[in-house]
Amino acid sequence: MFGGFGIFVDDTMFALAVNNKLHIRTNRQTVSTFKKLGYKPYVYKKRGFPVVTKYFALPEDCWQDQEGILDHAKQALEFAKTEKEQQSEAKPNRLKDLPNLRLATERMLKKAGIDRWLNFRIMVRLRLSRPFREPIQVP
């Protein structure tokens with residue numbers, strides 16, 4: 001996982017241990033605070049491209065304040081739980097939100113003009129309602 005170890009509570013990841021550093025999850029409100037404090041986001045490469053995560057490394061001087069680390073961790077856990085609940089309630093909109101969708105399949109669908117889950121559902125319904133020999137126009 002990101003080349004490190006995820007730290008979970010009740011199947012919710014809120015921190016990441018990688019490269020001998022503890023990275024805490026942020027949200028829209030705390031990301032600006034962390035940036036102002038000089039915290040750096042964890043960046044990894046995926047297929048040669050950098051991917052910036054929501055996890056920011058706590059600096060070395062942070063380890064002197066154990067209560068501060070616990071506060072950061074508690075906040076991060078709450079953000080992660082809230083986001084997980086919102087995602088589980090939301091229906092998939094993007095193709096990449098679908099479970100078990102490989103990148104190659106997503107790319108093929110995009111080449112065919114299907115870039116949203118709704119377009120995919122429409123196309124499947126149209127295909128199932130017509131013989132397979134007829135071409136389909138996606139609305």
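Values below: every heavy atom of this structure, side chains too, minus hydrogens, waters and symmetry copies.
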Given the rule that I, L, V, M, F, W and Y join up when any side-chain heavy atoms are under 4.5 Å apart, are W63 and F5 in one cluster? no
Who clusters with M108? Use side-chain heavy atoms, under 4.5 angstrom, across I, L, V, M, F, W and Y, and order the result by chain and number. none
Is there a path of hydrophobic side-chain contacts, each under 4.5 Å between heavy atoms, that joins F8 and F79? no
If you link I, L, V, M, F, W and Y whenever their side-chain heavy atoms are under 4.5 Å apart, who else ends up in the same group as F49? none
Would you tabulate the side-chain donor-acceptor contacts of residues 28-37 under 3.5 Å, counting partners in other chains and residues two or more places apart, or write 'none'?
residue	atom	partner	partner atom	Å
Q29	OE1	N27	ND2	2.9
T30	OG1	N27	N	3.0
T30	OG1	N27	OD1	3.1
S32	OG	Q29	O	3.3

Hydrophobic cluster membership, L22 vs F14, 4.5 Å side-chain cutoff: yes
Verify, without hydrogens or angle tests, whether T26 (side chain) and Y55 (backbone) share a donor-acceptor contact under 3.5 angstrom. no
For E83, what residues pass the salt bridge (charged side-chain N to carboxylate O under 4.0 Å, His left out) criterion, not counting sequence neighbours? R25, K54
To the closest 0.5 Å, what do you measure between OH (Y42) and CG (N19)? 5.5 Å
Can L58 and I69 be said to form a side-chain contact (heavy atoms from CB on, under 4.5 Å), step by step? CA-CA 8 Å; L58 297 181; I69 291 175; 4.1 Å; yes
Closest heavy-atom pair, L16 versus G6, reported as atoms and distance to 0.1 Å, is CD1-N, 4.3 Å
Interatomic distance, I7 atom CD1 to L77 atom CG [nearest 0.5 angstrom]: 11.0 Å
Mind checking who shares a hydrophobic cluster with V52, ILVMFWY linked at side-chain heavy-atom distances under 4.5 Å? V43
Establish whether V51 and V18 are linked, either directly or via other cluster members, by ILVMFWY side-chain heavy-atom contacts under 4.5 Å. yes
Show the nearest heavy-atom pair for residues T12 and K84, with the distance to one decimal. OG1-CD, 3.5 Å
Test: salt bridge (Lys or Arg N to Asp or Glu O under 4.0 Å). Region: residues 66-82. Which pairs qualify, not counting sequence neighbours? none
H23 ring center within less than 6.0 Å of F56 ring center: no
